[in-house]
Amino acid sequence: MPAERISDALRQAAGEFGAADVRFRLDRPKDTDHGDLASNVALALSSRLRRAPREIALELRARLEGIRGVDRIEIAGPGFLNFFLEESAVGRVLHEIQQADLAYGRNSGGRGREIMVEFVSANPTGPLHLGHGRQAALGDAIASLLEWSAWRVHREFYFNDAGAQIERLAASVRVRYQQLLGHEAVVPEGGYHGAYVVDIARSFRDKVGDRYENDDSDAAMDAMRRHAVGALRAEQERDLAEFGVRFDEYYPETRLYTDGRVAATIQDLDNTGLTYVKDGAAWLRTTAFGDQKDRVMVKSDGSPTYFLPDVAYHMSKWDRGFREVVNVQGSDHHGTVDRVRAGLQALGRPAGYPEYVLHQMVTVEQGGEEVRFSKRAGSYMTLAELVEEVGADVARYFFLMRRPEAHLTFDLDLALDESDKNPVYKVKYAHARVCRLFELARERGWARPRDADTGPLDSRLERELINRLREFPDFLRRAAAARAPHVVCDYLERTAGLVNSWYQTGHPTRSPERAVLVADERLRNARLTLADAARIVLRNGLAVLGLEAPERMVRL
RNA sequence: GCGCCCGUAGCUCAGCUGGAUAGAGCAUCGGCCUUCUAAGCCGAGGGUCCCAGGUUCGAGUCCUGGCGGGCGUGCCA
């Protein structure tokens with residue numbers, strides 16, 4: 001690729017100035033008048049060398065003669081080097097895209113190493129809500145981006161199948177169960193009121209009949225708890241499948257107790273000498289690792305706080321060989337980050353382990369009003385309800401199109417719109433339109449061109465689109481590194497916009513001479529080559545985000 | 001009080017390692033359908049990038065101090 005040759009040449013030239021380690025950029029300028037690629041290297045060197053940037057740029061240009069694929073170099077503005085590529089080098093990008101096809105956009109950054117992405121990790125105490133939906137979309141897309149960057153990704157879902165919340169759930173189910181058997185009973189303080197609890201009680205009754213009537217023994221509660229957890233896990237599973245998200249492993253909290261990890265973690269922490277007893281509780285000196293205050297591991301009543309299994313759980317990740325772990329969590333959990341890391345550091349793990357992506361909450365708006373309704377959960381809208389309403393792809397995309405750390409306002413009106421105003425449809429239509437060209441070409445007996453002469457692609461718009469397609473791998477690399485799927489959304493929307501413009505300006509209605517399917521074979525094949533490259537990029541981009549790329553959209 | 005995140009067009013938001021004239025969608029206004037899907041395209045208006053300092057050749061981006069909003073700050077999960 002010309003970009004790599006230019007980058008190498010710049011690095012070498014910088015070395016001749018005695019500044020081989022200078023940081024500079026080489027990227028596509030916003031304005032096509034500024035060439036196909038531009039570098040700020042002269043500006044970066046100027047502060048080091050204490051010389052005027054334009055002067056340095058002139059000398060650099062003299063050393064950059066004869067890079068293959070480069071037509072000319074201009075110096076502009078305060079000292080930018082603007083590279084204009086040869087027509088053939090521009091066109092070659094399209095051939096490279098065609099050749100790479102399904103693999104176009106992949107990079108080898110991960111070098112086949114293993115990484116775990118933990119996400120959703122909802123407790124089985126209710127249906128998945130929209131916060132989980134955002135997290136499911138985010139975690140899955142981050143995992144996918146990492147796969148495109150040559151990481152071997154393990155998708156994991158952790159859930160608390162024991163503890164106070166689960167006991168409250170079981171107690172709530174018990175109340176509904178008693179009510180079904182004709183008894184008076186009231187959902188306890190802090191219990192769960194959603195309609196789903198009644199459904200669980202009903203399925204429990206259908207299974208066991210009245211065997212546990214008026215029975216609040218441990219065995220009865222245990223049976224209800226297991227039934228409720230099983231039912232809710234199954235429901236969450238269905239919702240996630242409907243949403244198109246799958247996990248490699250589900251890790252239950254109880255396993256940490258049954259396999260002795262929690263006990264071992266207490267022992268290991270004690271051995272560090274960083275623990276102490278105060279007010280009858282066992283504490284860990286997490287302040288030694290930057291936490292704001294020390295944390296209780298074991299309460300004075302002898303039961304562990306959630307902090308302990310959290311540390312034990314993350315030790316299990318390490319022990320399973322994951323040196324790279326990304327935890328996707330709601331930002332309401334950010335208070336746990338420091339203490340978990342501190343606990344792990346106490347046990348000798350590195351300071352930044354694990355990595356966190358924290359996302360803000362989701363609100364839904366329709367007609368400018370916030371929507372709070374949920375039949376099933378009794379409060380906020382569930383993921384299943386949203387997917388039912390707008391479809392999995394639209395929901396996914398909307399969850400992904402904002403930076404994780406920004407609050408997300410889900411605009412239901414826009415989500416339900418099936419025109420190009422809706423960014424999801426905009427991208428899908430761009431793909432479908434391009435596919436349609438090949439369908440029509442086939443009908444006329446014109447094959448998909450390979451290695452076509454791309455010389456005729458000389459319009460400003462075509463040049464811009466080609467440069468855009470060339471950048472796709474960089475965007476994926478950057479999105480993966482930043483754990484930021486919204487970068488891909490942004491890229492796809494802009495690319496789709498260019499594709500739509502190009503398609504439309506060449507519409508036979510207005511300017512038949514710019515149409516793709518013209519009689520002139522050279523022109524036609526050049527344009528079909530560009531269309532094919534655009535098709536590949538849009539399809540691959542949608543694939544990264546876990547969205548379908550339809551070849552045809554049904555007209556309503 | 002302390003910690004983390006956010007503050008960019010009327011609205012929702014992008015803006016990479018500090019780079020050229022701060023961008024997109026929605027909304028508003030004006031054009032374009034006998035032909036590859038007009039579910040579209042072209043164009044216009046719209047900005048003290050929360051405020052004040054600082055660093056720099058250059059700051060929406062980095063630093064300091066404010067202001068406003070969200071979240072956290074339990075022997076809750």
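Every chain is numbered from 1, with letters handed out A, B, ... down the list of sequences.
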Does OP1 or OP2 of [N] have a side-chain N or O of [X] closer than 4.0 Å?
X        : N     : result
A:Lys421 : B:A27 : yes
A:Arg527 : B:C36 : no
A:Arg494 : B:G25 : no

Please work out if [X] contacts a base, only the sugar-phosphate, or nothing of the nucleic acid, heavy-atom cut-off 4.0 Å.
X        : value
A:Ala76  : base
A:His486 : sugar-phosphate
A:Arg433 : sugar-phosphate
A:Asp413 : nothing
A:Leu437 : base
A:Arg552 : base
A:Phe475 : nothing
A:Ala38  : base
A:Asp411 : nothing

Original post:
Is there a stack between A:Tyr425 and B:A39, judged by ring centres under 5.5 Å and planes under 30°?
Top reply: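 Check failed, A:Tyr425 does not stack on base of B:A39.
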**OP:** Evaluate whether the aromatic ring of A:Tyr429 and the six-membered ring of the B:U37 base sit under 5.5 Å apart, centre to centre, with an inclination under 30°.
**Re:**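 Taking the rule of under 5.5 Å and under 30°, the ring of A:Tyr429 does not stack on B:U37.
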Subject >> Set of ring-ring contact (aromatic ring centres under 6.0 Å, His included) partners for A:His132, sequence neighbours left out >> reply: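 Applying ring-ring contact (aromatic ring centres under 6.0 Å, His included) to A:His132 gives A:His129.
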Any donor-acceptor N/O pair, [X] side chain to [Y] backbone, under 3.5 Å:
X        : Y        : result
A:Glu464 : A:Ser459 : no
A:Arg54  : A:Gly77  : yes
A:Asn107 : A:Pro473 : no

Distance, [atom1] atom - from [M] to [N], rounded to whole angstrom:
N     : M     : atom1 : value
B:U61 : B:G15 : P     : 14 Å
B:C26 : B:A14 : C1'   : 14 Å
B:C42 : B:G65 : C1'   : 48 Å
B:A9  : B:C49 : P     : 10 Å
B:C62 : B:C4  : P     : 14 Å
B:C36 : B:U17 : P     : 46 Å
B:C13 : B:G47 : C1'   : 15 Å
B:G54 : B:G18 : C1'   : 15 Å

Grab the [atom1]-[atom2] distance between [X] and [N] for me, whole Å please.
X        : N     : atom1 : atom2 : result
A:Arg28  : B:C16 : CZ    : C1'   : 13 Å
A:Asn500 : B:A24 : CG    : C1'   : 14 Å
A:Asp338 : B:C5  : CG    : P     : 11 Å
A:Glu551 : B:U37 : CD    : C1'   : 15 Å
A:Leu498 : B:A24 : CG    : P     : 11 Å
A:Glu493 : B:G23 : CD    : P     : 17 Å
A:Arg468 : B:A24 : CZ    : P     : 12 Å
A:Arg483 : B:C16 : CZ    : P     : 18 Å

Original post:
Which letter, B, S or -, goes with each nucleotide of nucleotides 70-77 of chain B from 5' to 3', with contact meaning a protein heavy atom under 4.0 Å?
Top reply: SBS-SBSB
Original post:
Checking side-chain hydrogen bond (donor to acceptor under 3.5 Å, both in side chains) against A:Asn327, which of A:His314, A:His333, A:Glu355 comes through?
Top reply: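 Among the candidates, only A:His314 passes.
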Original post:
Taking only residues two or more places apart in sequence or in another chain, which ones pass side chain to side chain contact (heavy atoms under 4.5 Å, CB included) with A:Ala281?
Top reply: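 A:Ala281 satisfies side chain to side chain contact (heavy atoms under 4.5 Å, CB included) with A:Trp283, A:Val296 only.
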Subject >> Partners meeting side chain to side chain contact (heavy atoms under 4.5 Å, CB included) with A:Asn82 (sequence neighbours left out) >> reply: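 A:Asn82 satisfies side chain to side chain contact (heavy atoms under 4.5 Å, CB included) with A:His34, A:Ala38, A:Glu74, A:Ala76, A:Phe80, A:Phe84 only.
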Original post:
Would you call the rings of A:Phe472 and A:Tyr491 parallel, tilted or perpendicular, where under 30° means parallel and over 60° means perpendicular?
Top reply: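 Tilted, since the angle between the ring planes falls between 30° and 60°.
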Original post:
Would you call the rings of A:His507 and A:Tyr503 parallel, tilted or perpendicular if under 30° counts as parallel and over 60° as perpendicular?
Top reply: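 Perpendicular.
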When both hydrogen-bonding distances must be under 3.5 Å and the geometry is Watson-Crick or G-U wobble, what is [N] paired with, if anything?
N     : value
B:C41 : B:G31
B:G1  : B:U73
B:G65 : B:C51
B:A22 : none

**OP:** Drop me the distance from A:Leu256's CG to A:Asp310's CG, to the nearest 0.5 angstrom.
**Re:**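 It is 9.0 Å, given to the nearest 0.5 Å.
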**OP:** Could you check if the base of B:C33 is syn or anti? Syn means the glycosidic torsion is within 90 degrees of 0.
**Re:**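 Here B:C33 takes the syn form, which means its glycosidic angle is within 90° of 0.
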Which nucleotide in the list [options] gets nearest to the side chain of [X]?
X        : options             : value
A:His507 : B:A20, B:A39, B:A38 : B:A38
A:Arg402 : B:A27, B:A14, B:U37 : B:A14
A:Leu517 : B:C36, B:C26, B:G19 : B:C36

**OP:** Flag this pair as yes if the NZ/CZ of A:Arg233 is under 6.0 angstrom from the six-membered ring centre of A:Phe159 and inside a 45 degree cone about the axis; otherwise no.
**Re:**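 Geometry flag: set, cation within 6.0 Å and 45°.
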Original post:
Checking A:Arg478 against A:Phe475: charged group under 6.0 Å from the ring centre and within 45 degrees of the axis?
Top reply: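 A:Arg478 over A:Phe475 ring: yes.
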Original post:
A:Leu440 or A:Glu405: which one's nearest nucleotide on RNA chain B is closer to the 5' end?
Top reply: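 Nearer the 5' end of the strand: A:Glu405.
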Original post:
Which residue, A:Ala496 or A:Gly506, contacts RNA chain B at a nucleotide closer to its 5' end, judged by nearest heavy atom?
Top reply: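 That would be A:Gly506.
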**OP:** Could you give me the CA-CA distance, side-chain angles and deciding distance for A:Arg524 and A:Asp520, then say whether salt bridge (charged side-chain N to carboxylate O under 4.0 Å, His left out) is met?
**Re:** CA-CA 6 Å; A:Arg524 186 178 68 234; A:Asp520 183 310; over 6 Å; no
So which protein nitrogen or oxygen atoms get under 3.5 Å of nucleotides 30-34 of chain B's nitrogens or oxygens?
none

Subject >> All pairs passing side chain to side chain donor-acceptor pair (under 3.5 Å) where residues 527-539 of chain A contributes a residue, at least two apart >> reply: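 Listed once each, the pairs are A:Gln98-A:Asp532, A:Asp101-A:Arg539, A:Arg448-A:Asp532, A:Asp532-A:Arg535.
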Original post:
Can you find an N or O donor on one side and an acceptor on the other, under 3.5 Å apart, linking the side chain of A:Arg436 with the base of B:C36?
Top reply: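 No pair found.
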